[in-house]
Amino acid sequence: MNEQLQLIKDSIKSIPNYPKEGIIFRDITSLTEVPRAFRATVELIADQYRDKPITKVIGTESRGFIFGAPIAIALGLPFILVRKPGKLPRATLSQSYQLEYGQDTLEIHKDAVSAGDKVLIVDDLLATGGTVEATVKLVRRLGGEVADAAFVISLPELGGEQRLRSLGVEPFTLVDFAGY
Ligand SMILES: O=P(O)(O)OC[C@H]1O[C@H](OP(=O)(O)OP(=O)(O)O)[C@H](O)[C@@H]1O
Ligand SMILES: Nc1ncnc2[nH]cnc12
């Protein structure tokens with residue numbers, strides 16, 4: 001692993017049994033507190049897409065905003081917010097998705113994506129892939145194309161990478177962590 005990726009990985013604190021027993025929480029707040037690591041994270045992801053025909057960057061609430069917004073600025077592209085229900089003021093499209101127990105919903109402004117858009121989805125972490133699947137569906141329902149999906153962290157044992165591939169999207173991730 002190169003020096004920048006090692007710095008990023010070392011900056012992410014692991015909190016056992018949070019938010020519940022058996023989960024190891026991979027905490028990106030300890031990464032954003034290290035300016036060199038935060039900058040490297042944004043640059044490494046942005047560099048991956050500089051020469052690609054992306055038209056918009058989407059970030060998913062809330063941790064996706066922290067990385068998606070500076071990546072959109074670095075690429076000189078519009079930044080689109082996918083939010084939890086009831087937070088967006090204009091006409092929205094909603095997509096429900098399955099959590100471990102129960103359901104959740106994400107929303108996007110109907111006029112935020114349209115036919116011809118090639119979208120990069122950014123989030124901090126890929127676990128089961130439920131959040132990114134709902135975001136992919138929102139983009140496609142508006143006629144846009146999902147060009148790629150980028151994550152700071154992947155937890156490969158939770159199946160999100162496979163789930164995303166089954167939707168025809170290849171995940172780009174910086175660091176992997178074993179376990180839940
Ligand atoms: O791959 P998945 O199983 O869907 O899990 C990953 C999602 O879970 C976390 O968000 P969370 O819903 O906890 O919201 P937050 O960003 O507001 O903390 C994380 O930021 C990802 O968006
Ligand atoms: N283990 C984990 N750490 C941090 N955020 C998460 N979101 C889903 N699983 C997570």
Side-chain angles (χ1 to χ4, degrees), residues 5 7-34 37-38 41-42 44-45 56-72 79-88 92-109 112-113 119-141 146-180:
L5 288 176
L7 171 69
I8 292 165
K9 191 160 188 178
D10 292 346
S11 302
I12 298 164
K13 287 187 178 155
S14 294
I15 320 295
N17 301 316
Y18 180 88
K20 54 184 184 187
E21 199 68 26
I23 304 287
I24 306 172
F25 193 81
R26 309 297 179 176
D27 181 19
I28 53 93
T29 70
S30 54
L31 164 66
T32 61
E33 288 167 12
V34 180
F38 191 14
T41 302
V42 170
L44 286 173
I45 295 178
K56 287 176 180 166
V57 176
I58 285 185
T60 41
E61 184 167 355
S62 61
R63 285 176 264 160
F65 296 167
I66 297 166
F67 299 98
I71 288 165
F79 181 57
I80 308 302
L81 284 71
V82 162
R83 296 209 63 178
K84 304 213 165 143
K87 300 283 187 181
L88 291 169
T92 57
L93 193 66
S94 299
Q95 180 71 48
S96 292
Y97 62 105
Q98 212 59 41
L99 297 173
E100 196 175 355
Y101 301 103
Q103 269 206 340
D104 214 338
T105 302
L106 287 173
E107 294 185 343
I108 191 168
H109 277 137
V113 171
V119 169
L120 168 64
I121 297 170
V122 176
D123 207 347
D124 69 317
L125 183 141
L126 177 60
T128 66
T131 305
V132 69
E133 179 172 355
T135 307
V136 168
K137 286 181 175 164
L138 286 170
V139 171
R140 289 179 176 169
R141 285 170 63 197
V146 177
D148 231 320
F151 305 85
V152 183
I153 301 167
S154 176
L155 309 179
E157 286 163 50
L158 274 89
E161 294 185 4
Q162 274 310 112
R163 188 167 174 178
L164 200 47
R165 285 191 191 108
S166 74
L167 291 165
V169 180
E170 183 61 32
F172 174 72
T173 63
L174 292 183
V175 295
D176 286 357
F177 284 94
Y180 292 72

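When a ligand or atom number is given, it counts from 1 through the structure's own listing order.
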Min N/O separation Tyr97 to ligand 1 under 3.5 Å
no
Hey, what do you get for CD1 (Ile66) to CG (Asp123), rounding to the nearest 0.5 Å?
9.5 Å
Are Gln95 and Val82 packed together at the side-chain level, in the sense that at least one heavy-atom pair is separated by less than 4.5 angstrom?
no
Once you restrict to heavy atoms under 4.0 Å, what part of Asp123 touches ligand 1? Side chain, backbone, both or neither.
side chain
Atom 5 (O) of ligand 1 has as its nearest protein heavy atom Ala127 CB, 3.6 Å
Among Thr128, Asp124, Leu106, Thr60, which one has a heavy atom closest to atom 2 (P) of ligand 1?
Thr128
Drop me the distance from Ile15's CD1 to Thr29's OG1, to the nearest 0.5 angstrom.
7.5 Å
Give a yes-or-no answer on whether the side chains of Ser11 and Ser30 include a donor-acceptor pair shorter than 3.5 Å.
no
Ligand-protein N/O pairs under 3.5 Å (ligand 2):
from: ligand 2; atom 1: 1 (N); to: Ile24; atom 2: O; distance (Å): 2.9
from: ligand 2; atom 1: 1 (N); to: Tyr180; atom 2: O; distance (Å): 3.2
from: ligand 2; atom 1: 3 (N); to: Arg26; atom 2: N; distance (Å): 2.9
from: ligand 2; atom 1: 5 (N); to: Arg63; atom 2: NH1; distance (Å): 3.0

Compute the shortest N/O to N/O distance between Leu125 and ligand 1 and return yes if it is under 3.5 Å, no if not.
no
Gly64, any N or O under 3.5 Å of ligand 1 N or O
no
Among pairs that include at least one residue of residues 8-30, which meet ring pair (Phe, Tyr, Trp, His ring centres under 6.0 Å), considering only residues two or more places apart or in two chains?
Tyr18-Phe25
Given Ser154, Ala134, Gly129, which has its nearest heavy atom closest to atom 1 (O) of ligand 1?
Gly129
Hey, is Lys87 close enough to Glu61 for a salt bridge, meaning N to O under 4.0 Å?
no
Between Lys84 and Glu107, does a salt bridge (Lys or Arg N to Asp or Glu O under 4.0 Å) hold up when you go through it step by step?
CA-CA 6 Å; Lys84 304 213 165 143; Glu107 294 185 343; over 6 Å; no
For atom 8 (O) of ligand 1, what is the closest protein heavy atom, and at what distance to 0.1 Å?
Thr131 OG1, 4.3 Å
Any idea which of Arg63, Lys84, Glu61 brings a heavy atom closest to atom 12 (O) of ligand 1?
Lys84
Can you list every pair that meets ring pair (Phe, Tyr, Trp, His ring centres under 6.0 Å) and has a residue in residues 147-170, with sequence neighbours left out?
none
Is there a heavy atom in Gly160 that sits closer than 4.0 Å to ligand 1?
no
NZ-OG distance between Lys9 and Ser14, expressed to the nearest 0.5 angstrom
9.0 Å
Minimum non-hydrogen distance to atom 15 (P) of ligand 1, winning option of Gly130, Gly159, Ser62:
Ser62
Chi angles and distances behind the side-chain contact (heavy atoms from CB on, under 4.5 Å) call for Leu138, Val113
CA-CA 9 Å; Leu138 286 170; Val113 171; over 6 Å; no
Would you please name every residue forming a salt bridge (Lys or Arg N to Asp or Glu O under 4.0 Å) with Glu33, sequence neighbours left out?
none
